[in-house]
Number of protein chains: 2
Amino acid sequence: MNAEDKRIYKLKAEVLSAAGHPIRLAIIDFLGDGEQCVCDIADHVDAQRSNVSRHLGVLLNAGVVKQRKDGLKMIYSLSTPCILNFMKCVEGVLQVRAKEAAVLLEML
Amino acid sequence: MNAEDKRIYKLKAEVLSAAGHPIRLAIIDFLGDGEQCVCDIADHVDAQRSNVSRHLGVLLNAGVVKQRKDGLKMIYSLSTPCILNFMKCVEGVLQVRAKEAAVLLEML
DNA sequence: ACACTATGTTACTAATCACTCACATAGTAG
DNA sequence: CTACTATGTGAGTGATTAGTAACATAGTGT
């Protein structure tokens, strides 16, 4: 694995770990229904505004969301809808996990 | 967003952030070609064995990989191949990012 | 100009993570 | 049994991250 590969993995890891936080995941899910302003996002994910603002900054920085100003409000939306697709795969992983847990339970 | 939702987002975040590290991403990519033992993985991703062992523990814990013992060796493989698919989407995000960076460059 | 609202930022603390080194364990081969 | 190999784990350190409170900024309406 050369230095070039490492750079690319680092970039990809940035995107994935941006998505790898409960609040940010909730934000992504919420934005799947359409663009939203910070205050509505904060209400929906049940967290403080400044905290949500931070998380949005992380997502923006990773390129997962984009922003647009509308008067006083800053409107956020998903930069590409495929982000929602890979949640399906994540659910698949969780299903495998759950199945294995069930098998272990049987063994007791 | 109720407590149940939060639990599920936390689980999903666990899977995503398990994938959100350059070395672990390289491991996932490598396992895409087929199962591998720890020592070969360590050689391939160019990191120390104990460190790789740790990262594999994280992936295992998240349910991203599974393990199988073969004599002295512990063989790891992807628990579900769809994990490779969502890399495509990550690449899409990076493309959007690159495009925006190019646009910004034009403006200078 | 003033007060008000939405957002972002600074500074700080607590928590988590990554990495390394040294050691422990399990299996293999002589 | 002994030496060796592959893997995993505890302890420690430095780096990164999450969350909060207080403040700064930008736009709106009177």
Side-chain angles (χ1 to χ4, degrees), chain A residues 1 3 6-7 9-28 30-31 34-77, chain B residues 1 3 6-7 9-28 30-31 34-77:
Chain A
M1 206 177 62
K6 285 184 187 175
R7 273 227 320 279
Y9 282 127
K10 199 177 165 196
L11 283 172
K12 289 186 184 177
E14 227 175 283
V15 174
L16 282 165
S17 63
H21 185 285
I23 292 182
R24 294 198 289 265
L25 226 37
I27 292 174
I28 290 171
F30 189 42
L31 293 182
E35 55 177 22
Q36 299 286 349
C37 68
V38 180
C39 56
D40 287 348
I41 294 171
D43 283 353
H44 184 260
V45 306
D46 189 28
Q48 247 183 250
R49 308 255 160 104
S50 64
N51 195 12
V52 169
S53 187
R54 277 227 136 79
H55 285 305
L56 284 166
V58 173
L59 290 171
L60 188 66
N61 203 46
V64 176
V65 303
K66 55 187 204 277
Q67 59 181 186
R68 163 175 86 76
K69 196 152 198 179
D70 178 26
L72 253 183
K73 296 183 176 179
M74 187 65 89
I75 312 289
Y76 287 86
S77 56
Chain B
M1 206 176 62
K6 286 184 186 174
R7 274 228 320 279
Y9 283 127
K10 199 176 165 196
L11 283 172
K12 289 186 183 175
E14 226 174 285
V15 174
L16 282 165
S17 64
H21 185 285
I23 291 182
R24 295 198 288 265
L25 227 37
I27 292 173
I28 290 171
F30 189 43
L31 292 182
E35 56 177 22
Q36 299 285 349
C37 67
V38 180
C39 56
D40 287 346
I41 294 170
D43 283 352
H44 184 260
V45 305
D46 190 27
Q48 249 183 250
R49 309 256 160 103
S50 62
N51 195 14
V52 169
S53 186
R54 284 226 134 86
H55 284 303
L56 284 166
V58 173
L59 290 171
L60 188 66
N61 202 46
V64 176
V65 302
K66 54 186 203 283
Q67 59 181 189
R68 162 175 86 74
K69 197 152 196 178
D70 178 27
L72 252 182
K73 295 184 177 178
M74 188 65 89
I75 311 289
Y76 287 86
S77 55

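Here is how names work: the chains are called A, B, and so on, in the same order as the sequence lines, proteins then strands, and each is numbered from 1. Since the structure is predicted, the reported quantities are computational estimates derived from the model, not experimental observations.
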Nearest 0.5 Å, what's the CD1-CD distance between B:Ile75 and B:Gln67? 10.5 Å
Nearest 0.5 angstrom please: B:Met74 CE to B:Gln36 CD, how far? 15.0 Å
Heavy-atom pair of closest approach, residues B:Val45 and B:Ala26: CG1-CB, 3.8 Å
Residue pair A:Ala19 / A:Leu25: nearest heavy atoms and the distance that separates them: O-CD1, 3.1 Å
If we only count heavy atoms from C-beta on, is the B:Cys39 to B:Arg49 side-chain gap below 4.5 Å? yes
For A:Ile23 and A:Ala47 the tightest heavy-atom approach is CD1-CB, 4.1 Å
Can you find a pair of side-chain heavy atoms, one from A:Ile27 and one from A:Leu31, that are under 4.5 Å apart? yes
Smallest heavy-atom separation, B:Arg68 atom then B:Glu35 atom, equals NH2-OE2, 2.5 Å
Starting at CD of A:Glu14, measure out to NE2 of B:His21 and round the result to the nearest 0.5 Å. 12.5 Å
For B:Tyr9, what residues pass the ring pair (Phe, Tyr, Trp, His ring centres under 6.0 Å) criterion, not counting sequence neighbours? none
Got a sec? Which of residues 63-75 of chain B come in under 4.0 Å of DNA chain D, heavy atoms? B:Gln67, B:Leu72, B:Lys73, B:Met74
Tell me which residues in residues 9-20 of chain B put a heavy atom below 4.0 Å from DNA chain C, sorted by number, or none. none
Send over the distance from B:Ile23 CD1 to C:dT20 C1', rounded to a whole Å. 12 Å
Provide, to the nearest angstrom, the distance between the CG atom belonging to B:Leu56 and the C1' atom belonging to C:dC19. 15 Å
Which nucleotide span of DNA chain D, 5' end to 3' end, has atoms closer than 4.0 Å to non-hydrogen atoms of chain A? D:dA18 to D:dT28
For atom NZ of B:Lys73, is the number of surrounding heavy atoms from other residues, nucleotides or ligands below 6.0 Å larger than 12? no
Which pairs would a plain distance check flag for residues 52-59 of chain B, meaning a side-chain donor or acceptor within less than 3.5 Å of a matching protein atom at least two apart in sequence or in another chain?
| residue | atom | partner | partner atom | Å |
| --- | --- | --- | --- | --- |
| B:His55 | ND1 | B:Arg24 | NH1 | 3.0 |
| B:His55 | NE2 | B:Asn51 | OD1 | 3.4 |

Listed in order of residue number, which residues of residues 45-55 of chain A have a non-hydrogen atom at under 4.0 Å from DNA chain C? A:Ser50, A:Ser53, A:Arg54
Between A:Ser17 and B:Gly20, what is the shortest heavy-atom contact and its length? CB-O, 3.6 Å
Send over the distance from A:Asn61 CG to C:dG8 P, rounded to a whole Å. 13 Å
